[in-house]
Amino acid sequence: MAKTNPGRFFEDYAIGDVLTHAVPRTVKMGERALYHALYPARHALYSSDQFAQQCGLPFSALDDMIAFHVVFGKTVPDVSLNAVANLGYAEGRWLHPIWSGDTLRSTSEVIGVKQNSNGKSGVVYVRTKGWNQHDTVVLEYVRWVMVRKRDLDRPAPETVIPELAKVVDPADLVIPKGLDFTRYDFDLAGEPHRWGDYEIGEQIDHVDGVTIEEAEHMIATRLWQNTAKVHFDATFRPDGQRLIYGGHVISMARALSFNGLANAQIIVGLNGGAHANPCFSGDTIKVWSEVLDKAETVAPGVGAIRLRLVATKGGDPFRLKGEDGKYLPEVLLDLDYWALMPT
Amino acid sequence: MAKTNPGRFFEDYAIGDVLTHAVPRTVKMGERALYHALYPARHALYSSDQFAQQCGLPFSALDDMIAFHVVFGKTVPDVSLNAVANLGYAEGRWLHPIWSGDTLRSTSEVIGVKQNSNGKSGVVYVRTKGWNQHDTVVLEYVRWVMVRKRDLDRPAPETVIPELAKVVDPADLVIPKGLDFTRYDFDLAGEPHRWGDYEIGEQIDHVDGVTIEEAEHMIATRLWQNTAKVHFDATFRPDGQRLIYGGHVISMARALSFNGLANAQIIVGLNGGAHANPCFSGDTIKVWSEVLDKAETVAPGVGAIRLRLVATKGGDPFRLKGEDGKYLPEVLLDLDYWALMPT
Amino acid sequence: MAKTNPGRFFEDYAIGDVLTHAVPRTVKMGERALYHALYPARHALYSSDQFAQQCGLPFSALDDMIAFHVVFGKTVPDVSLNAVANLGYAEGRWLHPIWSGDTLRSTSEVIGVKQNSNGKSGVVYVRTKGWNQHDTVVLEYVRWVMVRKRDLDRPAPETVIPELAKVVDPADLVIPKGLDFTRYDFDLAGEPHRWGDYEIGEQIDHVDGVTIEEAEHMIATRLWQNTAKVHFDATFRPDGQRLIYGGHVISMARALSFNGLANAQIIVGLNGGAHANPCFSGDTIKVWSEVLDKAETVAPGVGAIRLRLVATKGGDPFRLKGEDGKYLPEVLLDLDYWALMPT
């Protein structure tokens, strides 16, 4: 048993530590085919090489959430194996497209620790970076998790809570090199709605729904080499249910938002996100969006739009929290992100 | 809600309209790997580059039904989102192989409209074409569907019913450039039976069966970017069942027919087809075939065979319709197609 | 019905016969993506081109068990369609890496026959070889199965039982050309444990578990073009259960053994194996390993380790057989193999 990885506990994290996560991954079009089979992903820029070329890119990149999942999956054995809860995300930015054949690896720097008052666990903040084979950072984000202590007698470390931006400044968003939406083909993209057609405060019910199956979320989660027991082993939780990886809900929600946001092609920023309630097999996911902000960019024909993306397993759209300020029980995900659209 | 696609209703189709369907798709070997994992596809020409080269092709093409599903899937948001029923197919022809890396898109021309006597719906006929990135038509077929009216007060359009061939004339079948079966390796193909060994009227029980799972039909249907709610959302139908995409049954049936028709390598014509009864998860699909016709071709060593392919979810083989002339309740599919075999 | 393959019966095998199995298969990165989505496969050498290059290989090969499954799957229609039981494996060796784009085919030579005393069945021994498109043997192994007789009146053939090595001699293991573990990156591989850190007799509980789904084992089994009815057709067995392909359990077990054996990168020998009890959907697979032997190799920094890999569906680890010498009912797999590790 000494040879298996017990995971890190709260006292194993010190400010400034940089963790090198294991098992780099070469991703190709097989991973994309699976992604498009597991989620109803239809954004044209990630579906057609010719569409991408007409937008100034050399060819179609892998979906932005593939980058996120691969980078995130590698952190699980070092960051969240003993996690009690995934508490939040901030300052996420996609910095470089992922092309077929790229090899991704991840590192995480510990940027915050705070022991809980019960002395049994604490919150750890890490800034994770995903790297390609050219040592270019392709993605970065901050994530904080609640982690158990192994040795309850260990004194609490000095509390360090990082200052995190509530929203990624649109001036800091990185636009893929060469991107140009001035010759954007709205017919082939699937909807006529431009950046200028969306108003701040506008809400969109995306209408479509998908009922979740055990086989699908496990196939997806394994594809990202995320091996947290709780997603795979029905004997692990007392209730015999397999908890669905939160990222599966994010990708399903993002794909379902195509119907009404077909032109929100590229995810470039992750401002925040909450996995409000657990998702299980048999739940039917539906989603709605709200336009939170808009910003101009320097790229030709390209605007940025800040969106709230909410996934639910029932109930009416556009309801998020109860009078107590807590998420309603049917809300699964509340995500806040920046996307790029044709102006 | 104004931003989501409500789909077209009967009165939105006018003779001569050409619909450009959205979201072109670059298909590669990842899609093929998934196809061969979802269906027991074993035709050697689509499995081995070397086998294909020995038959005069540059390498193995993507399975013919992949072309059909991708082209068909793109039409769903514009043709069948409000469809009550998929009524028939005719004049289908595969015109060019699909190679790994090709980008497919679809267009449909409205060639017939006929309002139903109840005034609530009508039948729309479209001729759909699939195109590759070189603007070559790779596939075409006629399909007709019953579509709801939105505005019941709108006067009926002038009835136009296209004249459709009952059977694609074998002289019009297009044989892949270079195809030559004179050095065909029957051992590697899996069966010794040549075109000359099949007799018109001969029936074949393909023996094998596959029990259908929710995860599999949803993965398959999403892979073709077909997003009709009824296939994915268990809350959509009053009975809580997800209706399985008819194309999933076609591909399963075609693959199961390998056992007895291993040398019917290439699908080149679709004469007609009926989805006789709905298919649901848990059904066990078995198939039988009947030789309807045979024709010679100009390609070396290549014969054409016209086959009826019937998929059932129980019952004995070779039974199709009851005394009332209606399909038996266990019949799922009755397909009429042309394939190419070594003579 | 005459056109379908009835499979071979005991009396159809004669010593010295060489069977050419049908349907060669070109395998690419799509097959690998699926493999890594179906199993929690994380060995770095098969995940990252850069990691493979640092170990002296041109790029990342397809997982060793992909080679096994593809080669094995082709033999099913000729060897095990009428098999009552898969009895054993021996003298398995991986002889050449499988690169993306390779085309695999299989042949089997009959090397043993022994009619059972009941006269209704017999044991057939075959030596199967997998070949790539350059006519190089990439894998070979001996397998013996119990097969039904068709004609009970046929006299028994002369009994021939091949002499099979209990263990592949480590001197006969073939190391991939160029392999060099002297610059092996243990951080990226995921564990610090070297060949020298493992002791003969040491046992490892791999801790993780996966609950099996119907959709997943069927997708996997079809991917290898293994079409034995019993895996797919819920109406085939009287109990309505689909028997899971034993190879699915092998691959799941091998992948789960990563946690504790992350550096046992390459499978090079298969000494033996028993599918101790049947596996069905809903079973939760857990695994443990035992170090059976160790050997040095001539490749730089490379050691060979002989491992017992046991998969169970419950019970405590390290328990294998009861007092009666029979496998405990929760044991699914008992596999004996050689792997290569950094010294």
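A, B, ... follow the sequence lines: proteins, then strands. Residue 1 opens every chain.
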### Message
When you measure from the side chain of A:T211 to the backbone of B:A234, do you find a donor-acceptor pair of N or O atoms at a distance under 3.5 Å?
### Response
yes
### Task
Check whether B:R32 gets within reach of chain A through its side chain, its backbone, both or neither, counting any heavy atom under 4.5 Å.
neither
### Task
Identify which part of A:H36 has an atom lying under 4.5 Å from any heavy atom of chain B, answering side chain, backbone, both or neither.
both
### Query
What do the steps show when you test A:D208 against B:D233 for side-chain contact (heavy atoms from CB on, under 4.5 Å), and what is the final call?
CA-CA 8 Å; A:D208 298 320; B:D233 181 348; over 6 Å; no
### Query
Is any side-chain heavy atom of B:I219 closer than 4.5 Å to a side-chain heavy atom of A:L38?
yes
### Query
Yes or no on side-chain contact (heavy atoms from CB on, under 4.5 Å) for A:M29 and B:M29, after CA distance, side-chain angles and deciding distance?
CA-CA 8 Å; A:M29 297 309 271; B:M29 296 308 271; over 6 Å; no
### Task
Please lay out, stage by stage, how A:E213 and B:M218 fare under the test side-chain contact (heavy atoms from CB on, under 4.5 Å).
CA-CA 9 Å; A:E213 294 293 318; B:M218 295 202 299; 3.5 Å; yes
### Message
Is it true that, when you exclude B:K229 itself, more than 12 heavy atoms of the residues, nucleotides or ligands shown sit nearer than 6.0 Å to its NZ?
### Response
yes
### Query
Okay, side chain of A:E191, backbone of B:N5: is any donor-acceptor separation there less than 3.5 Å?
no
### Task
Heavy-atom distances under 4.5 Å only: say whether A:E214 touches chain B with side chain, backbone, both or neither.
neither
### Query
Is it true that A:E216 and B:R222 make a salt bridge, defined as a side-chain N closer than 4.0 Å to a carboxylate O?
yes
### Task
Heavy-atom distances under 4.5 Å only: say whether A:K28 touches chain B with side chain, backbone, both or neither.
neither
### Side-chain ion pair, B:K3 and A:D197, N-O less than 4.0 Å
no
### Proximal component of B:L34, with respect to chain A [non-hydrogen, under 4.5 Å]
side chain
### Task
Look up atom OG1 in B:T4 and atom CG in A:D205, then write down how far apart they are to the nearest 0.5 Å.
7.0 Å
### Task
Among A:G30, A:S47, A:A41, A:G190, single out the residue with the greatest number of heavy-atom pairs under 4.5 Å to chain B.
A:S47
### Chi angles and distances behind the side-chain contact (heavy atoms from CB on, under 4.5 Å) call for A:S48, B:R25
CA-CA 5 Å; A:S48 161; B:R25 174 74 175 170; over 6 Å; no
### Message
Please identify, among B:H231, B:E31, B:R105, B:K74, the residue contributing the most non-hydrogen atom pairs under 4.5 Å to chain A.
### Response
B:E31
### Query
Is a side-chain donor or acceptor of A:D187 paired with a backbone partner of B:H21 at a separation under 3.5 angstrom?
no
### A:T284 (side chain) donor-acceptor with B:T235 (main chain) under 3.5 angstrom
no
### Task
Heavy atoms only: give me the nearest A:A33-B:L223 pair and the separation to one decimal.
O-CD1, 3.7 Å
### Message
Quick check for you: among B:L104, B:T20, B:T227, which has the greatest number of heavy-atom pairs under 4.5 Å with chain A?
### Response
B:T227
### Message
How long is the straight-line distance from CZ of B:F232 back to CE of A:M252, given to the nearest 0.5 Å?
### Response
9.0 Å
### Task
Check whether any side-chain heavy atom of A:F258 sits under 4.5 Å from a side-chain heavy atom of B:V23, and report yes or no.
yes
